[in-house]
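One structure is given here, and the rest of the page talks about it.
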Amino acid sequence: MAVVDAENPRLGETTCGSLLQKLQEIWNEVGESDEERDKMLLQLEQECLDVYKRKVELAAKSRAQLLQALSDAKLELSSLVSALGEKSFVGVPEKTSGTIKEQLAAIAPVLEQLWKQKEDRVKEFSDVQSQIQKICGEIAGNLNLSESPAVDESDLSLKKLDEYQSQLHDLQKEKSERLHKVLEFVSTVHDLCAVLGLDFLSTVTEVHPSLNDSTGVQSKSISNDTLSRLAKTVLALKEDKKQRLHKLQESATQLLDLWNLMDTPDEERGFFDHVTCNISASVDEVTVPGALAWDLIEQTEVEVERLDQLKSSRMKEIAFKKQSELEEIFTRAHIEIDPEAARDKIMELIDSGNVEPTELLADMDDQIAKARDEALSRKDILDKVEKWMSACEEESWLEDYNRDENRYNASRGAHLNLKRAEKARILVNKIQVTLVDTLVAKTRGWEEDRGISFTYDGVPLLAMLDEYAMLRQDREEEKRRMRDQKKYQELQHTEQETIFGSKPSPARPVGTKKIVGPRANGGPNGTPGRRLSLNAHQNGSRSVTKDAKKDLRPVAPMNYVEIAKEDAASHISGTDTLPVSP
């Protein structure tokens with residue numbers, strides 16, 4: 001502590017020498033002995049040495065601490081550089097020169113920079129490892145990971161960080177692929193549930209709660225267990241779809257058979273278009289929502305059962321409808337049948353129950369097909385018969401026209417009749433030259449091929465043509481007789497004029513024979529048919545009698561099931577049984 005010296009004001013502070021001098025003065029004044037003085041001086045000297053010694057020890061200890069701090073700093077610097085993988089770090093002092101504190105001051109900012117870099121690097125490692133741990137947990141199905149991964153601070157090199165980042169990239173790729181698979185499975189489940197009429201949300205929620213639409217895409221489970229259960233669910237739904245489709249197709253096939261059997265109208269069939277449209281579809285082709293729902297399948301089965309019960313009551317109506325179709329074909333083909341007997345037999349077969357409805361209708365369809373083939377084989381001849389009959393009608397009209405004495409009068413329509421007469425003469429000449437001969441040749445060829453007679457409404461066509469030829473021949477003879485008679489009358493008239501000088505009234509010419517062509521007679525079911533009919537007053541004329549026609553009329557077949565198996569020729573023969581019903 002500083003003491004102001006009053007005697008020596010230049011000394012601004014107390015020193016050891018001034019204090020010792022002051023002590024000497026006090027001792028002198030007190031009268032201390034030299035021994036006491038030496039003793040006290042030694043004590044003071046020892047105390048000073050102790051103070052110096054403590055100071056030196058403290059200084060030495062401080063130096064040691066500084067050296068240790070420097071050593072630790074250098075060691076930590078080396079460790080940080082090694083952990084960070086920095087082989088040469090800018091800023092590290094190359095030489096250890098200067099005092100200890102100077103060296104520490106030089107290392108401190110480098111350490112601070114490395115510490116900051118280490119903290120940043122540890123954070124990067126922690127982020128990457130956390131993402132790796134999370135994805136691995138998602139794949140393993142363990143999403144409850146609360147602890148953060150431990151970072152190995154001994155190796156924070158960029159190389160190690162790149163390895164973790166590469167691992168993370170692979171895991172992210174795998175996660176993306178798994179998520180894509182999960183979404184594909186979920187989409188497939190959605191489509192299958194829609195087709196099968198199932199609740200999609202409850203189905204996928206049973207697999208894993210995260211798969212419903214309320215969660216985001218990234219939150220959906222991608223674990224092995226989830227993928228496995230999704231695959232099994234899709235497989236089970238596809239198998240269910242396959243079984244339902246098979247069941248629906250069976251019912252749809254039965255439905256179509258019943259429709260065809262009962263001639264169900266298109267309007268009624270239209271109610272089940274959404275069912276029958278899949279009758280031949282594959283499993284993958286059925287994609288319409290609700291197409292394989294159980295209620296739809298049950299509805300189809302109920303309809304099949306209803307139609308099956310209705311089938312028996314509709315059989316007579318269907319059979320008679322097919323019988324009417326068969327009769328219409330025979331009528332157009334001018335084949336005579338006995339429809340009443342056929343309908344009675346159909347009633348008998350249905351009421352007896354000895355024939356299956358499908359077998360009966362199939363047999364009728366077969367007879368209808370044979371009747372159509374028979375009608376087609378007769379078409380060419382029937383077309384020529386129509387032309388022949390039309391020509392015969394024109395020939396008959398021409399005969400009437402030629403006998404009309406007033407045909408050349410200037411009356412209304414006379415010029416039209418004259419034109420018709422010219423056409424009729426050409427047509428009649430064609431009958432004489434080609435038409436009848438061609439018709440006879442084709443008819444004989446037809447009969448030779450089939451070994452049966454070609455009948456027209458129950459009358460053999462060749463007999464009709466032969467009768468027509470004979471009548472035509474009789475007419476030609478009658479014409480010649482009339483010409484001879486006219487010449488004789490003219491000669492007689494000339495002689496009378498020479499003898500009597502007057503002109504007698506001409507005798508009325510005797511009417512020539514008139515060939516009347518086939519006339520329209522009532523056919524079966526009110527359909528008009530044409531047959532050759534001759535006037536009874538014609539001399540020398542011959543016609544097919546009713547008794548002969550009665551003998552030629554076919555009888556209805558009695559066994560409808562066997563008829564379908566017989567040859568078509570036996571159905572059309574004039575002497576054998578004709579098909580009149582299936």
Side-chain angles (χ1 to χ4, degrees), residues 381 384-408 417-445 447 453-497 504-521 530-549 552:
I381 295 176
K384 287 181 170 49
V385 169
E386 291 295 321
K387 292 180 181 178
W388 171 56
M389 289 183 172
S390 298
C392 287
E393 290 178 357
E394 287 299 297
E395 185 179 16
S396 176
W397 178 86
L398 184 61
E399 290 292 330
D400 293 337
Y401 178 77
N402 289 334
R403 283 195 298 271
D404 185 7
E405 296 179 355
N406 299 321
R407 62 183 180 274
Y408 296 119
N417 289 334
L418 183 60
K419 288 183 179 181
R420 180 178 176 182
E422 292 175 358
K423 293 181 180 180
R425 290 189 186 96
I426 296 173
L427 185 59
V428 169
N429 291 333
K430 186 181 294 185
I431 296 177
Q432 297 173 353
V433 177
T434 59
L435 186 56
V436 175
D437 293 339
T438 302
L439 190 54
V440 170
K442 283 187 173 291
T443 304
R444 286 177 178 169
E447 292 182 347
S453 175
F454 189 102
T455 59
Y456 187 92
D457 290 337
V459 180
L461 180 59
L462 287 178
M464 296 170 63
L465 294 172
D466 181 58
E467 184 179 8
Y468 172 79
M470 294 175 65
L471 290 175
R472 194 175 188 84
Q473 185 178 357
D474 291 345
R475 190 195 67 172
E476 293 299 327
E477 291 176 358
E478 183 70 16
K479 283 184 177 181
R480 284 195 296 270
R481 189 181 66 79
M482 292 296 296
R483 285 196 297 269
D484 292 342
Q485 183 180 3
K486 185 176 181 181
K487 287 180 182 180
Y488 175 75
Q489 288 177 351
E490 289 177 352
L491 180 61
Q492 224 178 18
H493 174 65
T494 304
E495 290 176 354
Q496 287 179 359
E497 284 184 344
S505 60
R508 176 173 294 182
V510 181
T512 60
K513 284 187 178 181
K514 173 184 175 184
I515 297 184
V516 183
R519 301 296 183 187
N521 296 329
R530 284 175 167 181
R531 288 186 186 169
L532 183 64
S533 63
L534 305 173
N535 291 341
H537 69 273
Q538 293 175 352
N539 297 327
S541 65
R542 293 178 296 174
S543 65
V544 180
T545 64
K546 292 183 178 180
D547 293 336
K549 289 172 61 179
L552 292 171

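Of all heavy-atom pairs between Phe454 and Glu447, the closest is N-OE2, 2.7 Å. Residues Leu439 and Thr443 share a closest heavy-atom pair of O-OG1, 2.7 Å.
The structure places CZ of Arg480 at 6.5 Å from CD of Glu476, a figure rounded to the nearest 0.5 Å. Taken to the nearest 0.5 Å, the CG atom of Asp466 stands 9.5 Å off from the CG atom of Leu471.
Among residues two or more places apart in sequence or in another chain, the side-chain contact (heavy atoms from CB on, under 4.5 Å) test is passed with Lys442 by Asp380, Ile381, Lys384, Thr438. Residues meeting the side-chain contact (heavy atoms from CB on, under 4.5 Å) test with Glu490, sequence neighbours left out: Lys486. Listed by chain and number, the residues in a side chain to side chain donor-acceptor pair (under 3.5 Å) with Gln492 are Tyr488 (sequence neighbours excluded).
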Query raised in the report: What's the verdict on salt bridge (Lys or Arg N to Asp or Glu O under 4.0 Å) for Glu478 and Arg481, showing C-alpha distance, side-chain angles and the deciding distance?
Result: CA-CA 5 Å; Glu478 183 70 16; Arg481 189 181 66 79; 2.2 Å; yes
